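We name chains A, B, ... by the order of the sequence lines, and we start the count at 1 in each one. Note that these values count all heavy atoms, side chains included, but never hydrogens, waters or copies made by symmetry. Just so it is clear, the structure is predicted and the values come from calculations on it, not from any experiment.
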Amino acid sequence: MQKKLAAWFLLVALLYALVGIAVPRLQPDPFWQVILIGSSYVVIGLGVSWLVSYLLTRRLTELARAASVISRGDLTRAVHIKGDDETAQLARSFSMMSESLQNIVLEVSNVAEQINGSAQSLSSTATELNHTTDEIAETTRQIADGAEQQARQVAGTSSTTRELAGSIELVSESARSVLRSATEVSSRTSGGVADVRRAEEGIRRLEMSTEAAGMQVAGFRSKANEIASIVNFISSIAHQTHLLAINAAIEAARAGEEGKGFAVVADEVSRLADNASGFADKISSLSDEIIAGSELVAGGIRERMVISKELRAVIQSTTQSLEQIQQSSRDTAERAEEISGLTESQLGAASRVVASLEQISGIAHLNAKGTEEASDATAQQNESMRRMAGSAHTLAQTSDQLRDLIEIFKLRPRAR
Amino acid sequence: MSGGRALLIGLERNRYRIDAGAIDGLVPTASIVPVPRAPRGVLGLTEWRGRLLTVIDLPLILDERPNGDAACLVRLASPHASTALFVPGPVRLVDDTADVRQLETIDPVRLVEAIELRLRSRPFRGNRGVA
Amino acid sequence: MDMSRYRALFLSEAREHLRAATEHAGQLESGGNAEALRSLFRHAHSLKGMAATMGYDAMAGLAHAAEDLLAALRGGETALTGELRELLRDSVACIGRIVESVEMERCPEDPGAEALTRRLKEHLAQPAAAPGAENLRPAVPLESPEPAAGTPAATTAFDIDLRLSNERDTGAGGVVSLLSRFGELGRLETVETPLTSLDAPDFDGSLKLQLISELERPGIEARLAAMPGVAGFEIREHPRAPDPVVESGERTWMRVRADLLDHQLEDAAELMLQHSRLSAALGELPPEAARHLDRVELLVRRLFGNVVEMRLVPFESVVEQLEHGTRDLATRLGKEVELEIPDTKVRLDRSLLERLVDPLLHILRNAVDHGIEAPDDREAAGKPRHGRIGIQVDRRGDQVRIRVRDDGRGIDGEQLRRRAVEQGLMAPDDAARLSQAESLLLVTLPGFSTAETTTEVSGRGVGMDAVRHRVESLGGRFDLRSILGEGSEMEMSLPLSMAAVPALMLRSGERLFAVPIASVERGIRLEGPRGRPVAPGAGEDGSALPLIDLAERLGLPASDQEEPGWALVLPTEAGSTGLIVDELLGRRGLIVRPLEAPLKGLREYSGAALLEDGRIALVLDPTELIPTGAEWAAGDAPQDSRP
């Protein structure tokens, strides 16, 4: 540049010297001389300065144009200015700047891309996390509710148990009073039983004598029955004899004349059998009458027996009832004693239960409280989580904007 | 058969006569085992002195009814020595007088034949139910 | 049968008997007494039986001769001389030598045996038959396998514990068919195990039996071992003294009126009946009385056995009648026929034989008319001009088997089937299903006729069914075999006497029935509800077993029993059919009496039997209870057991 400027200076000086020499020669008038020389000087100066400025500005314009392109984001355009003057140097450094700018933009673009991806995934993770925390929060709320409920129930149970203990005490008291009255009843019935037993003994004696009479009648009747069965036997013998007699008669008839006498005998036997049969029938009807008569007597005795049996049954059942009363009052006394003993131990057990229940109740309260705290913490966590998700979302948006910005730059295709 | 004898049987409605020569004897009744598919009129089988007797229901054949409690079996003579008539009524052996011969006569041989005929006349197989 | 397996058994037993026999023979020489004679007789008898079972004929013959001589000695017919003592001692020694050669696995013979046997027989033959008494004894040779009348038929009672193999036929039926095989061995006296328990789940497969047999123990063991379904057995033997009546050796004869014998049988049967009733009525008795009553029972049974024995007559008594009938017809038809009856000595119950004459005559007439071809035709067929008809009678245990064989044209099963269809006796489908053996049995269908034209002689179709019915009503079995062009054979197996037909007792509702075991294939326990019973396992070919309810068949009220009950599998011409009953009550020997007029024509039953306790059982005739093919087609078919 300096050389070019020196060359231009020499040229101007030369022209000036030329004009200074030439003009006095051509124009003798010093006036005109001065005017001419002055105007030539002006013209030369102007011309040279135009030329010089033209030469200078031509490259600068080019540079300015390249800068304008870059300013629009196009980093693809290169500036080519030959020479090694300041302009050229400027152009070269301009080019270098464009080159490094392009690299930076590329890197930024990549980073933005990465940020965007991370932001997005962060956002979605956050959203998910959010859901989970929501669930946790819900569950915790439920637990908290349950714990509270449990605490309430334990409180309820423990009050019921206290009531139970109260009633047990009542039972114990009544058992004691039952015991007292039962013992009283037992001792009073003992006397009654003895009286009734004496009455029963009397009736039993009465019954025994009736029974003896009945047995005599029964024996009489069984004799009569025996007669009847004997008569039946006689009757069947008579029937068979009759059949045999007929058989004999048939045989006799076969034998013809010789059998005649035998046939008479057979007929005789047959008739005897018939007679026997007739007598048997008569005896049979007589014994039937006897049986009927004895049946009447037996009936009367049976009736008496039935009545005395009924009486005895009544007495027996009275004795039984008394004995039962005695027994049951004895039993009752025993039971009452047992109950009394049992209620005692029940009472102890109930108070132990109450104590345990109260412990449980305390723990349940604690539990409820702890859970509530956990719930709060979760809610807080949830909130920060929500915020984080918000930020992630914003970040994603920002990175999106950045990407949009970077997209302004046109980059030369580069080998990757 | 003059001078012969006859068995009189009294059932509810009528008296009947059997020639004494046609019978072998009288037997008290014992348990009678029915014979399925036997022709109508056969009461069943019974045991008599280690022998089997086929018992014929006389009242049923005569369209009669029992008379009284007494009952016996009338064993028939050869050729039906293992057959007996169930007679639920009084029996009596009498001289076979003209009066007696007026009564309805039971001919055991024909009786048995009549029952056998029922058996033969029915188609033997494929005939369900009691004849 | 491979006897070598039983040789060891034979040897140990034979040595035992020989040792004792030698000892007793020695006692005879040193004075001799009745006890020694009796013992010697017993051992000789045992040795004879064992030898016969093993097939050692020389030894059997010698022992038999010795036994006979000993019997005569005991009866006092023959005096015990020094010579006889010597002879008996030699005989025992000779038997010992034979046993030795058996032991050395040589031929069971001894050079001296024949001579000794002959000498023994000579001594026996010396006393002549008592003069005046008519000797009716048939010429039965001593070697006859039949215990001739009067020969001490020493029997032995065997208590047998039988173990059945697991693959035996199901239940009682299988056992029944197994037990029916015991007929070959002897008389099955008791079966202690109740048949009804056989199907119980806890049945352990063991059966206790008592067998009365003329066979010796080794023989029974050999036969038991060969029986299918028998896994093992144990035998205890208690010898029964031969009946003293028979022992007496008094072999004179007299004629007896046949009807007296009939009465005798009836009385003996009633005596048994009354005895058992008396025992039942008396209940628990003091030991003394019980012993007497037991003795009475023994005597009553023996009496009955003797009466049964008395009624046995040799088959030869009807031979002439049969020959006459055959010859007559052959002459009339212009045929040449030769009737051969090789063994006529087998004895059967008199009335049984009488009842067999008609069926036999019918079979013979059939053979002459339909079987034997005209002489010219025979010549053309390459056969001798005269046809041969053989009647073979042999005895197996308490059964007698009669086979009538001819060398005629045989029976064409195919033609029988065709004719059965033509005559409407069977549906064509049913006929086509019949096996060869079954189609032959078509001739025994009622109303069946083979002859193209009805001739006077036969072909009325009323023959063979009557034959079969008669045989089965006598507790027997009828069978028919034929090879076309070569001839045919009819076989009848019958109980030897009327003494006892082995029968299966059964119950339907409240009624008691019996079926001859011979006509039962097996009994099976039914499954399913009573109304729709199902036969387990069904038939052998996998087809369902058709079932008929006995109660329904007899018009009895339907069973109200809840259990499914039993079915007796009965072989029929159209395969097996099951007869439904409520309960099987076990086996019994029954004296079956045919139904008399007016029940004679009632063919549902082959008879009735009086049990020892006085109950009456109707004996069913299975062949008549089962519908024939035609009836099946007519809707009379039994209900199908298919579910």
Side-chain angles (χ1 to χ4, degrees), chain B residues 24 27 30-58 60-61 75-86 107-131, chain C residues 263 265-275 277 304 446-447 508-513 550-557 591-605 607-618 620 624-628 630-632 634-637:
Chain B
D24 238 9
V27 184
S31 70
I32 296 170
V33 176
V35 178
R37 304 268 303 142
R40 194 174 141 82
V42 174
L43 214 50
L45 296 173
T46 194
E47 180 264 337
W48 173 72
R49 295 193 183 168
R51 263 170 262 186
L52 288 174
L53 297 178
T54 309
V55 183
I56 292 173
D57 192 347
L58 191 66
L60 190 132
I61 302 251
R75 282 197 305 119
L76 301 182
S78 184
H80 297 301
S82 55
T83 306
L85 306 177
F86 174 66
D107 181 349
V109 175
R110 261 197 275 160
L111 196 74
V112 171
E113 269 172 12
I115 295 172
E116 257 192 318
L117 208 62
R118 286 180 188 171
L119 193 63
R120 281 210 208 94
S121 62
R122 91 175 179 212
F124 168 57
R125 287 202 278 205
N127 179 14
R128 295 273 161 82
V130 182
Chain C
H263 289 314
L265 184 70
E266 277 177 0
D267 287 352
E270 194 196 347
L271 195 56
M272 277 215 298
L273 175 71
Q274 296 300 359
H275 170 266
R277 280 181 181 174
F304 184 73
S508 180
E510 292 305 307
R511 289 165 207 259
L512 189 67
F513 295 97
L550 177 63
E552 197 188 325
R553 193 73 188 86
L554 294 180
L556 297 173
I591 302 165
V592 182
R593 300 146 206 248
L595 295 180
E596 305 279 349
L599 295 178
K600 220 170 190 166
L602 197 60
R603 298 178 69 172
E604 279 89 347
Y605 311 100
L610 197 56
L611 306 189
E612 281 184 6
D613 55 9
R615 283 185 300 167
I616 295 170
L618 289 162
L620 297 167
E624 297 298 329
L625 287 171
I626 292 168
T628 60
E631 286 166 359
W632 285 44
D636 200 17

- Part of Leu556(C) within contact of chain B (heavy atom distance under 4.5 Å): side chain
- Contact check, side chains of Leu610(C) and Arg593(C), non-hydrogen atoms, under 4.5 Å: yes
- Item | Segment of Arg511(C) engaging chain B (4.5 angstrom heavy-atom cut-off) | side chain
- Query: Taking the side chain as C-beta and beyond, is there a heavy-atom pair between Tyr605(C) and Leu620(C) under 4.5 Å?
  - Reply: yes
- Query: Are Glu47(B) and Arg277(C) close enough, and set up right, to give a salt bridge (Lys or Arg N to Asp or Glu O under 4.0 Å), and what steps lead you there?
  - Reply: CA-CA 13 Å; Glu47(B) 180 264 337; Arg277(C) 280 181 181 174; 2.9 Å; yes
- Message: Can you tell me which portion of Ala608(C) sits under 4.5 Å from chain B's heavy atoms? Options are side chain, backbone, both or neither.
- Response: both
- Message: Given heavy-atom pairs under 4.5 angstrom as the criterion, report whether the side chain, backbone, both or neither of Leu111(B) touches chain C.
- Response: neither
- Of Thr46(B), Ile115(B), Leu52(B), the largest count of non-hydrogen pairs under 4.5 angstrom with chain C goes to Leu52(B)
- Task: Heavy-atom distances under 4.5 Å only: say whether Pro79(B) touches chain C with side chain, backbone, both or neither.
- Result: neither
- Task: Please determine, among Ile616(C), Leu512(C), Leu273(C), the option with the most heavy-atom pairs under 4.5 Å with chain B.
- Result: Ile616(C)
- Item | Any Leu595(C) side-chain heavy atom under 4.5 Å of Leu45(B) side chain | yes
- Task: Apply side chain to side chain contact (heavy atoms under 4.5 Å, CB included) to the pair Leu58(B) and Phe86(B), showing each step before the final yes or no.
- Result: CA-CA 6 Å; Leu58(B) 191 66; Phe86(B) 174 66; 5.6 Å; no
- Item | Which atoms of Val112(B) approach chain C - backbone, side chain, both or neither, heavy atom under 4.5 Å | both
- Item | Pro598(C) side chain near Ile56(B) side chain, heavy-atom distance below 4.5 Å | yes
- Message: For Leu602(C), is there any backbone N or O sitting under 3.5 Å from a side-chain donor or acceptor partner on Arg37(B)?
- Response: no
- Residue Ser31(B) versus chain C: region with a heavy atom under 4.5 Å: neither
- Where does Leu271(C) contact chain B at under 4.5 Å (heavy atoms): side chain, backbone, both or neither? neither
